[in-house]
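First the structure, in the form of C-alpha cells, and then the observations on it.
Whatever order the structure lists ligands and atoms in, that order sets their numbers, starting from 1.
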Amino acid sequence: MTTTTIAPEAGAASATNGAGKPDFDAIGIGAGFAGIALIHYLREAGLSVRVFDRASDVGGTWAWNRYPGAATDSESYYYCLTFSKEILQEWKWTQRYPGRAETQAYMRFVVDKCDMMPHIQLNTEITEARYLADKGWWQVTTGTGETFTCKYFVSGMGMISQPEIPAIKGLDTFKGPIFHSSRWPEGLDYAGKRVGVIGAGATSVQMVPELAKTAADVTVFQRTPNYILPAMQRPMTPEWEKEIKDNYEAIIAKCRNHVFGMAFDSPVGRNVLDTPPEERQRIFEENWTGSFRWVFETFDDLLASPEANKLAGDFITSKMKARVNDPELAELLCPTYDDYPLFAKRPPLDHGYLEAFNRDNVHLVDIKKAEPIVEVTETGVRTSKRDFEFDIIVLATGFKAYTGSLEAFPIIGATGQTLNEKWQTVSGSIMGVAVADFPNMFMVTGPQAPFANLPTSIEQNVIWITACIRKMEHEGYATFWPKADAEAAWTKQTADIHAQTLMAQGDKVNSWMMGANRADKGARVLIYFGGANFYYDALDQSAAAGFPELEFR
Ligand code: NAP
C-alpha cells in the first residue's frame, strides 16, 4: 500500500483560542485498534481527525509482529471492537485464536466498511509532538519535516510496541540477518537455515514451533522459564459462531465486567484453599481446555493467595513436564514458585512449543545458570562454554512496555519537559489516559491503565476521551489541564494496589509488566492491578462527574 496523502481539512473545533483553526480537531498516532476506535468515536462526535502511522498498512501490533506463528492470545470473538453491531455479525472468524494476518484482515475490513481510510495517513513517522502554549494546540512533525496542528493530540501507539534491544556485546558484528522479533524481514526464507532465538517469552513460544517445521535447527537461549498454558486452538464451527453471534450483547458485558477485560465466566465463587485436594484436582483437570480461562474459571484466589498460586503453578508445570520427553530439559523449561509466582511474568500461550523440544532440530540453552551469553560474533553466539553458528538471529527480547512508544521521540508538554524526562523514575498518569503538564493530550492505554484484553480497554478509553471532548466542545473550552493532585492520587492508588499483589515480584525476573526488563530505566509501577472492571467503572464515574481530574479553561 502506498502513502495516502490527504489535504489538511478545516478543523471543526469551536474553541480554538480565537487564533484561527488548527489543521484537525484531533490527531492520533497509531492505526491499530486505538486509531480505528478514535476515528469512529471522534467522527461520530463531529470532529475532524487524522491518524498517522509509520507502518505501510493498518493493524498496529498486527502490522508489525509478522514473525512466523504470530497469533492472538485472546479468543477471536472478543478480541475485536464492538461499536458496530453490524460488523460483529458480518465478520467471520475462522478459529479460536486468529493468526496475525486474519486479525489484520479484520481491521482492514472495519476500516473499509466504515470508510476510515481518508482519515489515515500511512508511511508517516511522527518525530515530534509539541504543545503550542500560545495557541493551546498541539503540533506534530513528520519524518519529512511536515507539520500538522490539532486541538487534541491522542497517542494510540500501543503498550507493547517499542522493541527492547538487549545490551549484548557484538550485536552489530553478526554477518547474517539479525533483527528484533517485531521487525521480521519481509519474505525472509528460513527453510534449511540455522536459527538462533534469544529470548523465551510469549513471542518465542509462538515462533519456535513454526520455525522448527522447516529450519535446519532452532536454538533457543532461555534466561527465565515461563509458566506456559496451552492454547488448544480449534476451528470456528457454524454452531459455535451462531452461539457467539446470538449472544454478543452478553459477551460485550462479560468483557466490560471482567477483571482482565475478557469474556470469561468468573468469578466462580470458590477458592482453592477451601477445596479438598481431590476436588481441586478434578476442577483443575476439567478446566484444562486452553486459554487464560483456566486461571480465572477454576478458582478465584489463584492470583491473590501465595499458597493457591503455588498449587496452580505446580499443576501447570506438571502438565508442561508431561509433554517434554527429556526430563532434564523439562525441568529447565519449568519455573517454580521460588523462582516467581504465576503471573509475576505474563504467561505465554502455547501452540506446540513444548513438543517442539522433542524434535532433533530444536535445542534449549540455559543462559541463566549454565552458560550465559558472552557476545554475538560474526558467525553466531558465544556463551561462556560454547560457540554456536547461525544463519539468522532473532532477538525475541521483548518491549519497553506502556511508556516506550511515548518516550521514543520528544512529546513536549506545557513546561517544555518531554514525557521521557517526566517519567525518569515514576511513570505517573491519571488513569493511564492523561498526564499533568500535558494539556489536551490523551493516551489510549498509557501507563497505570490495567493490563487486560486490549480491544476492551482501548474502547473504554476512547469512550472516556470522546466524552471529555464532547464536553469541551459543547461548553466552549479551549484546553483541559490534568490536575497534578489527581495524578498523584492515581499513581499512589496504583502503587498501593501493586504492592499487595503477587505481580510485584516480577521485578526479580525482569518482568516487562513493571519495566524491569529495560536496560535504560529502573523497574516501576506500570499497571493498575485493581481490576479492569473497576478501572472501567472509575472512567465512567469520572465522565459522569464531569471529569473532576481535569481543569477546563
Ligand atoms: P518478553 O515476554 O519480555 O520476553 C523476552 C524474552 O527475552 C525473555 O525470555 C527474556 O528473558 C529475554 N531477554 C531479554 N533480554 C535479554 C538479554 N539481554 N539476554 C538474554 N535474554 C534476554 O517479550 P515477548 O516474548 O515479546 O512478549 C512480550 C509481551 O508481548 C507478552 O508478554 C504479551 O503480552 C505480548 N505478546 C502477545 C502475544 C499475543 O497475545 N498473541 C504474542 C506475543 C507477545 P528474561 O525473562 O529472563 O528477562
Side-chain angles (χ1 to χ4, degrees), residues 33 60-62 64-76 79 96-100 102-104 158-171 180-184 196-208 210 219-229 231 233 260 262 291-292 333 335 339-340 343-351 353 364-369 371-376 381 383 393-402 404 445 451-455 503 506-520 523 526-527:
F33 280 114
T61 202
W62 305 103
W64 287 104
N65 283 273
R66 309 179 80 89
Y67 60 83
T72 69
D73 281 350
S74 289
E75 292 152 305
S76 53
Y79 190 76
R96 187 178 189 184
Y97 310 94
R100 180 203 76 72
E102 183 172 350
T103 301
Q104 196 183 19
M159 37 72 73
I160 312 181
S161 51
Q162 188 65 26
E164 171 72 7
I165 306 297
I168 298 174
K169 194 177 140 199
L171 282 183
H180 187 266
S181 53
S182 66
R183 299 292 183 271
W184 193 273
V197 179
I198 300 180
T203 296
S204 296
V205 168
Q206 290 190 337
M207 181 193 300
V208 167
E210 212 41 47
T219 304
V220 180
F221 294 89
Q222 173 191 277
R223 203 162 54 182
T224 310
N226 282 288
Y227 294 99
I228 297 177
L229 289 155
Q233 178 72 290
F260 276 74
M262 305 270 192
S291 118
F292 299 117
L333 285 162
D339 294 330
Y340 65 97
F343 250 94
K345 276 172 104 69
R346 193 276 216 180
L349 280 199
D350 168 29
H351 295 260
Y353 179 73
L364 187 75
V365 181
D366 171 17
I367 56 168
K368 188 165 211 163
K369 292 189 187 134
E371 45 182 317
I373 292 179
V374 175
E375 61 182 332
V376 169
V381 172
T383 67
I393 297 179
V394 186
L395 304 172
T397 45
F399 298 86
K400 298 180 200 298
Y402 281 90
T445 64
F451 178 49
N453 181 43
L454 275 163
M503 285 77 159
D507 63 344
K508 65 182 184 189
V509 279
N510 325 308
S511 172
W512 63 256
M513 295 199 294
M514 50 200 307
N517 61 331
R518 287 179 62 163
D520 60 339
L526 287 176
I527 299 182

Between ligand 1 and Ala202, is the shortest N or O to N or O distance under 3.5 Å?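 Yes, Ala202 has an N/O under 3.5 Å of an N/O on ligand 1.
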
Under 3.5 Å: N/O of Gln206 near N/O of ligand 1: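 The answer is yes, given that Gln206 and ligand 1 share an N or O pair closer than 3.5 Å.
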
Are the side chain of [X] and the backbone of [Y] linked by a donor-acceptor contact shorter than 3.5 Å?
X      : Y      : result
Tyr97  : Ala231 : yes
Ser204 : Gly199 : yes
His351 : Glu210 : no
Arg100 : Trp62  : yes
Ser511 : Ala344 : yes

Side chain, backbone, both or neither: the part of [X] lying under 4.0 Å from ligand 1 by heavy atom:
X      : value
Ala167 : neither
Val205 : neither
Tyr340 : neither
Thr224 : both

Nearest protein heavy atom to [atom], by residue and atom, and its distance?
atom                    : value
atom 35 (C) of ligand 1 : Ile160 CD1, 3.8 Å
atom 4 (O) of ligand 1  : Gly201 CA, 3.6 Å
atom 20 (C) of ligand 1 : Ile367 CD1, 3.5 Å
atom 3 (O) of ligand 1  : Trp512 CD1, 3.5 Å
atom 42 (C) of ligand 1 : Tyr67 OH, 3.4 Å

Would you mind listing which atoms of ligand 1 come within a distance below 4.0 Å of any non-hydrogen atom of [X]?
X      : value
Pro166 : 17 (C), 18 (N)
Lys345 : 45 (P), 46 (O), 48 (O)
Gly199 : 6 (C), 7 (O), 9 (O), 12 (C)
Ala71  : 39 (C), 41 (N)
Asn510 : 45 (P), 47 (O), 48 (O)
Phe399 : 26 (O)

Given [options], which one has a non-hydrogen atom that is nearest to [atom]?
atom                    : options                        : answer
atom 24 (P) of ligand 1 : Thr203, Leu454, Asn226         : Thr203
atom 39 (C) of ligand 1 : Ile165, Asn517, Asp73, Thr61   : Asp73
atom 23 (O) of ligand 1 : Gly398, Ala396, Pro163, Ala516 : Gly398
atom 33 (C) of ligand 1 : Gln222, Arg223, Arg346, Lys400 : Arg346

Arg346 to Trp512 six-membered ring, cation-pi geometry met (6.0 Å, 45°):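 No, Arg346 does not lie over the aromatic ring of Trp512.
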
Quick one: does Ile373 get within less than 4.0 Å of ligand 1, heavy atoms only?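 Flag not set, Ile373 not near ligand 1.
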
With the threshold set at under 4.0 angstrom, would you say Ala200 reaches ligand 1 through any of its heavy atoms?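 Contact check Ala200 vs ligand 1: positive.
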
Establish, from distance only, whether the side-chain atoms of Asp73 and Gln206 form a donor-acceptor pair under 3.5 Å.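 Side chains of Asp73 and Gln206: pair found under 3.5 Å.
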
Asn65 and Ser182: side chain donor to acceptor below 3.5 Å: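 No pair is found: no donor N or O on one side chain lies under 3.5 Å from an acceptor on the other.
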
Please assess Phe343 against Phe451 for the test ring pair (Phe, Tyr, Trp, His ring centres under 6.0 Å), listing each intermediate value before the final yes or no. CA-CA 11 Å; Phe343 250 94; Phe451 178 49; 7.7 Å; no

In terms of side-chain geometry, is the basic nitrogen of Asp366 or Lys368 positioned less than 4.0 Å from the acidic oxygen of its partner?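 Looking at Asp366 and Lys368, the cut-off is not met.
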
Go through the structure and list residues passing salt bridge (charged side-chain N to carboxylate O under 4.0 Å, His left out) with Asp507, not counting sequence neighbours.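 Once residues adjacent in sequence are excluded, Asp507 has no partner under the salt bridge (charged side-chain N to carboxylate O under 4.0 Å, His left out) criterion.
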
CD1 on Ile373 to CZ on Phe221, rounded to 0.5 Å: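 Nearest 0.5 Å value for the CZ-CD1 distance: 5.5 Å.
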
Do you know which two heavy atoms are closest between Asn510 and Asn517, and how far apart they sit?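 Heavy atoms of Asn510 and Asn517 come nearest at O-CB, 3.3 Å.
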
Option from Ile228, Leu229, Asn226 for which side-chain contact (heavy atoms from CB on, under 4.5 Å) with Pro347 holds: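 Among Ile228, Leu229, Asn226, the one meeting side-chain contact (heavy atoms from CB on, under 4.5 Å) with Pro347 is Leu229.
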
